Amino acid sequence: MPEGPEIRRAADKLTDAVVGKTLTEVWFAFPQLKHYQSQLVGEKIEDIETRGKALLTHFSNGLTMYSHNQLYGVWKIVDAGETPDTKRDLRVRLETEDKAILLYSASDITIAPREEIAQHPFLQRVGPDVLDLRLNAAQVKERLMQPAFRRRQFGGLLLDQRFLAGLGNYLRVEILWDAELAPTHNAQSLREDQLEHLSHALLDIPRLSYNTRGTMDDDVHHGALFQFKVFHRAGEPCLRCGEMIEKTMISSRPFYWCPNCQR
């Protein structure tokens, strides 16, 4: 499943294609959304915002579309009038004079006034977004020590979007390796210097991934431009100490770690 950096880069591409342009055609597959088609033709997409793995498409008439790709959803950008040959089910088509953005296979799509979308259950429970530059390490450190999170093992906590939005499995693996922490630790067990290191890694690693990974391509592995230190490197030497990287399962997801560095 794509994580925060991949979702944000997808949003960047959609923004470049259609934001600020007048919508000439709008189509929704779901019957409960059909009546919005006529309301949106002639309007503009003002902004495409990410909240963790959700996308918020803001229209000039005050409406917002919430969408979550979940496991199978994918956005595509095509020339106006073009329809790709695909077996995927088209859910949304937003077309301007020269470009169209198409959402396939997603099932979680809602449209409402912006203030109502802000009350969406996912947005209400999700934590701060790791790619939000207003979020700093001091705030992350404070969040780590909150009663809801400080006793939870990092192996599970770093997959919980209620803690920080946008984290996922490869980021969990790389962050804990960078911080030299085993997944069984929790925040209240850390020394001050360890807590400080982890707080910075929780922001630095996702932001590095976002800034260095380049274009998203279904045929290119996650690490095309972002060098993994441990993820998918089981049986290879740790780049820090030379010990062999091991693989296990934590929270039903594959976890890679160095048993020497991450004690």
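The first residue of the sequence shown is numbered 1, and numbering continues consecutively from there. Quick note: numbers below take in every heavy atom, side chains included, and nothing from hydrogens, waters or symmetry partners. Note that this is a predicted model, so its numbers are computed, not measured.
Checked against a 6.0 Å centroid threshold, the rings of Tyr66 and His120 count as neighbours.
Checked by atom type and distance alone, the side chain of Glu243 never pairs as donor or acceptor with a backbone atom of Pro237 at under 3.5 Å. The backbone N or O of Thr22 lies less than 3.5 Å from no partner atom in the side chain of Glu43, so there is not a single donor-acceptor pair. Side chain of Arg91 to main chain of Ala106: a donor-acceptor pair is present (N/O by atom type, distance under 3.5 Å, no hydrogens or angles). Between the side chain of Glu25 and the backbone N or O of Glu95 there is no donor-acceptor pair closer than 3.5 Å. Judged purely by atom type and a 3.5 angstrom limit, His232 has no side-chain atom pairing as donor or acceptor with the backbone of Tyr170. A donor-acceptor pair is defined here as one N or O able to donate and one able to accept, closer than 3.5 Å; such a pair exists between the side chain of Gln37 and the backbone of Phe28. Gln262 contributes no side-chain N or O that, together with a main-chain N or O of Pro183, makes up a donor-acceptor pair within less than 3.5 Å. A donor-acceptor contact shorter than 3.5 Å is absent between the side chain of Arg263 and the backbone of Pro259. In this structure, the side chain of Gln161 engages the main chain of Gly166 through a donor-acceptor pair within 3.5 Å. Here the side chain of Asp129 pairs a donor or acceptor atom with the backbone of Gly52 at under 3.5 angstrom.
Using a cutoff of 4.0 Å between basic side-chain nitrogens and carboxylate oxygens, Lys99 and Asp79 are scored as salt-bridged. Using a 4.0 Å cut-off between a side-chain N of Lys or Arg and a carboxylate O of Asp or Glu, Glu3 and Lys53 do not qualify as a salt bridge.
In the model, Asp98 has a side-chain atom that pairs as donor or acceptor with a side-chain atom of Thr96 under 3.5 Å. Asn69 and Tyr104 are not linked by any side-chain donor-acceptor pair at a separation below 3.5 angstrom, with hydrogens and angles left out of the test. Asn186 and Ser189 form a side-chain donor-acceptor contact under 3.5 Å, judged by distance and modelled atom types alone. A donor-acceptor contact closer than 3.5 angstrom is absent between the side chains of Tyr72 and Ser107.
Cluster membership for Leu33 and Ile101, using ILVMFWY side-chain heavy atoms within less than 4.5 angstrom, is shared. Side-chain heavy atoms closer than 4.5 Å link hydrophobic residues (I, L, V, M, F, W, Y) into clusters, and following such links, possibly through other members, connects Trp27 to Val78.
Note that CD of Gln227 is 9.0 Å distant from CD of Glu174, once rounded to the nearest 0.5 Å.
Between Leu159 and Ser251 the shortest heavy-atom distance is CD1-CB, 3.9 Å. Across all non-hydrogen atoms, the minimal contact from Ile250 to Thr248 is CG1-CG2, 4.0 Å. Counting all heavy atoms, side chain and backbone alike, Met65 lies closest to Trp75 at CE-CH2, 3.7 Å. In terms of heavy atoms, Asn169 sits closest to Pro254 at ND2-O, 2.9 Å. In this structure, Arg114 and His58 approach most closely via the heavy-atom pair NH2-CB, 3.2 Å.
Using cut-offs of 30° and 60° for the angle between ring planes, the Phe255 and Trp257 rings count as tilted.
Of the listed residues (Val130, Thr212, Leu131), just one forms a side-chain contact (heavy atoms from CB on, under 4.5 Å) with Arg207, and that residue is Leu131.
Residues Leu144 and Leu157 are in side-chain contact: their nearest non-hydrogen atoms beyond the backbone lie under 4.5 Å apart.
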